[in-house]
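First up is the structure itself, then whatever we jot down about it.
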There are 2 protein chains.
Amino acid sequence: MAQATGGPASGETLLFLTDEQLRKGIEAMFFAYRSFTADPDRILEGMDYGRAHHRAIHFIHRSPGTTVNNLLAILGVTKQSLNRVLRALIGDGLVESRVGRQDKRERHLHLTAKGEGLERALSDAQRARMRAAYRAAGPEAVQGFRQVLEAMMDAEARRQYQSLKEGGA
Amino acid sequence: MAQATGGPASGETLLFLTDEQLRKGIEAMFFAYRSFTADPDRILEGMDYGRAHHRAIHFIHRSPGTTVNNLLAILGVTKQSLNRVLRALIGDGLVESRVGRQDKRERHLHLTAKGEGLERALSDAQRARMRAAYRAAGPEAVQGFRQVLEAMMDAEARRQYQSLKEGGA
DNA sequence: ATTTTATGTCAGCCTTGTTGACTTTCCAAG
DNA sequence: CTTGGAAAGTCAACAAGGCTGACATAAAAT
């Protein structure tokens, strides 16, 4: 910000904002995201599940007891899409749906032991890749990585991300 | 690397490798990527095109004259999937397919003026978001961002990314 | 002359997203 | 107590964009 308000691009101060640099960032996101999802995809292929199931499992694990509506908001899909996924996971005994105690219309979602098992397999694979990348790049790079990603989110996504950052259930 | 080989986790040196930190990174990727693709998606909705068309347009713009096989390798889809997309783009006059001069089996792909127009609209939107994020995070964060993303790619993706990094056609 | 490569195309399938319409359950306001 | 509306679930239909398999053609390579 200091350099952005300092007037015209003085020297190399703003060279990281050239279209060329931005294009590289865009392409890095494309290629990195593909690799990022590859490990879970490999684990899930062959099972009847896909990336949609992975996402549901991840966020139920992350926030046990979350309601269907909560999950809907985080995943950003329609209830019909999510319902198809949840029906499969519940039917296969990976997710348990408990009627709310205060509001009995709500369903609170929990992973079963079996569901936790798959979650662990999926997140172990994804964490291993992330850990290797973090280790290779070092702590300062990691800080920058997170800063840029966070700045890239639009307001609603950032709100959801940050609300997940700290507390558990 | 220096701290990784320095022995057991001394003090806070390796705190950035905790499962909690890795989970935050994983979720940051999820939310950031969703926002990252949101602007082009908005532009394309209503047209008959989707994200697949965007990717084809991006890489044809990036490497004019690229062959179908090249594009196949970069996008990582089957020729049938790509062909459906290319047929639409060629039919609508956004992409031109030229028979190769040396090897007449090859088709060299170029954007037409109309195709360049759409490319610009899409990449302007995506660059604007990326520029805002870069500016907010600053040049050092950007460097870290790129380092981590690159380290996250598997070998083949990194090769493709880097081969695009420098030269044009 | 034969094989391989690059491309295109048809048909059919799957996953995962979408809308729209409808029901059931239940809280809360009247 | 009745009724309105919210939360959840379900059915049907559809679209985008992946996939496989099979096949056709032209041209290069052997």
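On a predicted model such as this, the values are computed, not experimentally measured, just so you know. The sequence lines fix the lettering, A, B, ..., with proteins before strands; numbering per chain opens at 1. Keep in mind that the numbers below use all heavy atoms, side chains included, and drop hydrogens, waters and symmetry copies.
The base of D/dA6 lies close enough to the side chain of A/R105 for a donor and an acceptor atom to sit less than 3.5 Å apart. For D/dG21, its base sits under 3.5 Å from the side chain of B/Q80 at one donor and acceptor pair at least.
At least one side-chain heavy atom of A/M152 sits less than 4.5 Å from a side-chain heavy atom of B/R129. Looking at B/V95 and B/H110, their side chains never come closer than 4.5 Å, going by heavy atoms from C-beta outward. Side-chain contact between B/H54 and B/E119 is absent, with no heavy-atom pair separated by less than 4.5 Å.
Atom CD of B/E106 and atom C1' of D/dA26 are 13 Å apart (whole Å). Distance, B/R87 CZ to D/dA16 P: 14 Å, rounded to whole Å. Atom CG in B/D41 sits about 14 Å away from atom P in D/dA16, given to the nearest Å. Separating the CG atom of A/L71 from the C1' atom of D/dA7 is a distance of 14 Å, rounded to the nearest angstrom. Straight-line distance from the CG atom of B/N83 to the P atom of D/dT25: 16 Å, rounded to whole Å. Between the P atom of D/dG5 and the CG atom of A/D103 lies a distance of 17 Å, rounded to the nearest Å. Regarding A/L44, its CG atom lies at a distance of 16 Å from the C1' atom of D/dG18, rounded to whole Å. B/H54 places its NE2 atom 13 Å from the P atom of D/dG17, with the value rounded to the nearest Å.
Side chain of B/V77, nearest nucleotide from D/dG18, D/dT10, D/dA27: D/dG18.
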| message | Using side chain to side chain donor-acceptor pair (under 3.5 Å), reason through B/R131 and A/Q21 one step at a time and then give a plain yes or no. | response | CA-CA 9 Å; B/R131 188 180 298 113; A/Q21 291 296 310; over 6 Å; no
Pair A/R98-A/E96, salt bridge (charged side-chain N to carboxylate O under 4.0 Å, His left out): steps then yes or no: CA-CA 6 Å; A/R98 300 182 195 157; A/E96 196 186 346; 3.4 Å; yes
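When each of A/N69 and B/R84 is assigned the nucleotide of DNA chain D with its nearest heavy atom, A/N69 is the one assigned upstream, toward the 5' end. Place A/G76 and B/H108 on DNA chain C by their nearest nucleotides, and B/H108 ends up nearer the 5' end.
Nucleotides of DNA chain C lying under 4.0 Å from heavy atoms of chain B occupy a range whose first and last members, 5' to 3', are C/dT5 to C/dC10.
Within the 4.0 angstrom heavy-atom criterion, only backbone atoms of the sugar-phosphate kind lie near B/Q102; the bases stay farther away.
Distances shown here put a side-chain N or O of B/H53 below 4.0 Å from the OP1 or OP2 atom of D/dG17. Applying the 4.0 Å criterion to OP1 and OP2 of D/dG17, one finds that B/S81 has every side-chain N and O outside that range. Considering only side-chain N and O atoms, B/T78 lies under 4.0 angstrom from the phosphate OP1 or OP2 of D/dC19.
Between B/Y49 and B/H53, the ring-plane angle classifies as tilted under the 30° and 60° cut-offs. Relative orientation of the A/Y33 and B/Y33 rings is parallel, given thresholds of 30° and 60° on the angle between their planes.
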